[in-house]
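One structure is given here, and the rest of the page talks about it.
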Amino acid sequence: MTQEKKVNLHKGHRARVKEKVMEQGIKHLPEHEILECWLFPLIPMKDTNAIAHELINRFGSIQNVFDASPKMLMEVKNMTANASLYLSLFPQMVKIYNAQKFGPKPMLDTVAHAVEYLRNLFLDEKEEAMYMLMLNAKGMLLSSCKVGVGSIDSCQLNTREFIMRTADSESNCIMIAHNHPSGTSSPSYEDCEFTRWLVSFAEVLGINIIDHIIISSEGYYSFRENDMLSNYAGVLRKYLENAKASDKYSMNVRKFPDKK
């Protein structure tokens, strides 16, 4: 009797997956198949289907897989150091790609354009960070820089950096943006108080804060769009005017003759 040859059910599997991607793209593929295909050149000699399933099961989504550190990815069975490194580099590559697509001086003349640009800016930020964007009168971005770093749920402005950057810039139109890595885009009480202080502080320097935008995975919040900046404008000026009026009142009181 001749022994029957064992049929290899996986033979030609990679070729079939690649052919499907070439014909249909990846838009309608389940996440594990997209990840499986992505791993083909990174892990050439192992079953990437099983690895992809394990990655999705452990991290929950493709986004979380790409956001994971190489050390965390290596905890998955049959993952290699090479594959872990290149998966973790993907968000940085996307950020560079998008930055070049926007160009060196994109037009941020609407909230929608600003949010699109900011989403890419915060793409690989795991903790709260604050950026300052300097624009000309038409809304063209002249430069941007990070002016605050913090933990996952708080961030503080580097006042010295803010003053130095604004002094060196030709722009007096400043947009401030920070991210909420966890939670909604709704501003906290501290966010509102900070914005109130910043608008007043900028007025002293002759700077116009045109917006403060909060970016999160769930959406965004624009202080300008919600008509909050107008409530904060002139706060310091009103305080100083009241202080002057108080000083004048005090001086007049001292001029009153003493009662006999």
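Residue numbers start at 1 and run along the sequence shown.
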If you round to the nearest 0.5 Å, how far is [atom2] of [Y] from [atom1] of [X]?
X      : Y      : atom1 : atom2 : value
Tyr117 : Phe122 : OH    : CZ    : 10.5 Å
Ile209 : Phe201 : CD1   : CZ    : 9.5 Å
Asn120 : Ile215 : CG    : CD1   : 11.0 Å
Ile214 : Thr184 : CD1   : OG1   : 8.5 Å

Measure the shortest side-chain to side-chain distance between [X] and [Y] over non-hydrogen atoms and say whether it is less than 4.5 angstrom.
X      : Y      : answer
Lys126 : Pro181 : no
Val17  : Phe40  : yes
Thr48  : Arg14  : yes
Asn78  : Ile43  : no
Arg58  : Asn64  : no
Met134 : Ser143 : yes
Trp38  : Ile26  : no
His178 : Asp191 : yes

What I want to find out is whether Glu19 reaches Arg16 closely enough, with some N-O distance under 4.0 Å, to be called a salt bridge. no
Name the residue from Glu128, Glu127, Glu125, Glu161 that meets the salt bridge (Lys or Arg N to Asp or Glu O under 4.0 Å) definition with Lys146. Glu125
For the side chain of [X] and the backbone of [Y], is there at least one donor-acceptor N/O pair under 3.5 Å apart?
X      : Y      : answer
Asn136 : Lys138 : yes
Arg119 : Gly219 : yes
Asp211 : Met175 : no

Aromatic plane relationship, His212 with Phe223 - under 30° parallel, 30 to 60° tilted, over 60° perpendicular: parallel
Quick check: closest heavy atoms across Leu87 and Leu55, and the distance to 0.1 Å? CD1-CD1, 4.5 Å
Would you say Asp109 and His113 are linked by a side-chain donor-acceptor pair, where the criterion is simply a distance under 3.5 Å?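 Their side chains do contain a donor-acceptor pair, which is all the 3.5 Å distance test asks for.
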